[in-house]
Amino acid sequence: MKRIAVLTGGGDVPGLNAAIRAVVRRATERGLDVLGVRDGWRGLLVDDTVPLARAEISGILPRGGTILGTSRTNPLAAEDGPRRARATMAARGIDGLVAIGGDDTLGAAARLSREGLAVVGVPKTMDNDVHGTDACIGFDTAVNTVMEALDRLHPTAEAHHRVIVVEVMGRDAGWVATVGGLAGGADVVLVPEVPYEVEEVCARLERRRAAGRAFAIVVVAEGAAPRGAAGQVVQEAEVDEYGHARLGGIGAALAREIQRRTEWETRAVALGHVQRGGAPTAFDRVLATRLGAAAVDELAAGRAGVMVALRGAAIVAVPLDEVQRGPRTVDPELYALTRTFW
Ligand code: F6P
């Protein structure tokens, strides 16, 4: 093995640059060349790559975003995608690929791996919903951002005697809402996995008000929906190449409903992409560094078709196929803990 490549696909998260840096540093240590693939799978389909050496990765450890760019290009939705990906690998002399992504990017990696591409996956997504790993790069930073937002919103909610509904990301899994809500002391947490009853939410808020607490914070994941709803609230119905519509709006809808039913002044705040910005936390920097280095080790040892993962305190390699089990939903016990504070 002489040359490897690295790409970042799907939604960006803080920690991607830390992972890229670790890939390059470990590869250099092992005497391997590295090419960066621009904008996720798009770059591999159209042969858009850039050499990555020490100079290109200098100073990127604390930077959010990704120096390689990203996209939601699905190589399996593109005409002749697998063949074009293999052609770029052959033309550039790439012996192995590190694909850093969430379940879409890694699901595509699993399929391409079965078609002969030497690929190792690295799990990142602020949603934290990739099967086979206990944590994904970007989740810890997102949760800290949610916690800080709740710390900032509590005093203004209290000063104005209001309810504030905070919408956080999380399409199919309520990890960010649950962990962010626990860390920030939310009064109610609503997740995609458990349809909610608006009557119950309002009853909870009324009990709190009757107990003399004239303010409240409700955290709702963008993918949450009331029981019996026709579907999730979408901002944009058009789907991306992986079949996802753009979610958003449940927070505002719920705030209106709470105010109508309880006559309690309510505001909605959608944290949106703020949750994916800023510098990575120490946890995400170290996780990204460990996973990036481990991915190079797996390729160098000839073990493609795996994803490097955090299991307990250890970094391990699991079959890439694990990611195709669909989204890893929130731990029910952890979610149940939020109800202690309802
Ligand atoms: O990458 C996952 C995610 O953060 C989801 O939680 C959210 O639904 C989506 O990305 C938003 O994507 P975009 O960046 O395309 O707006």
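Every number for a ligand or one of its atoms is a count from 1 in the order of the listing. These values consider heavy atoms only, across backbone and side chains, with no hydrogens, waters or symmetry-generated copies.
Defined by atom type and a distance below 3.5 Å, a donor-acceptor pair is missing between the side-chain atoms of Asp12 and Thr70. For the residue pair Asp140/Thr281, the side-chain donor-acceptor check at 3.5 Å is satisfied. Side-chain N/O atoms of Asp104 and His244 include a donor and acceptor closer than 3.5 Å.
At under 3.5 Å, not a single nitrogen or oxygen of Thr125, backbone or side chain, sits near a nitrogen or oxygen of ligand 1.
Residue-environment remark: CZ (Arg152) stays at or below the threshold of 12 foreign heavy atoms within 6.0 Å.
The protein non-hydrogen atom at the shortest distance from atom 16 (O) of ligand 1 is His273 NE2, 2.9 Å. Protein heavy atom nearest atom 8 (O) of ligand 1, with residue, atom name and distance: Glu222 OE2, 2.6 Å. The shortest contact between atom 3 (C) of ligand 1 and any protein heavy atom is with Arg276 NH1, 3.6 Å. Residue, atom and distance of the protein heavy atom nearest to atom 6 (O) of ligand 1 are Asp127 OD1, 2.8 Å.
With a 4.0 Å heavy-atom cut-off, ligand 1 is reached by the side chain of Met126 but not by its N, CA, C or O.
In this structure, Gly102 does not count as a contact residue of ligand 1, since none of its heavy atoms falls inside 4.0 Å of the ligand.
Counting atoms of ligand 1 from 1 in the listed order, those under 4.0 Å from a heavy atom of Gly170 are 6 (O).
Under a 4.0 Å N-O distance rule, the pair Arg171/Asp127 does not qualify as a salt bridge. A salt bridge does not link Glu115 with Arg83: every distance from a Lys NZ or Arg NE/NH1/NH2 to an Asp or Glu carboxylate oxygen is 4.0 Å or more.
Closest heavy-atom approach to atom 9 (C) of ligand 1 within the set Gln235, His244, Gln232, Arg72: this belongs to Arg72.
Judged by distance alone, with hydrogens and angles left aside, the side-chain atoms of Glu193 form a donor-acceptor pair with the main-chain N or O of Gly174 at under 3.5 Å.
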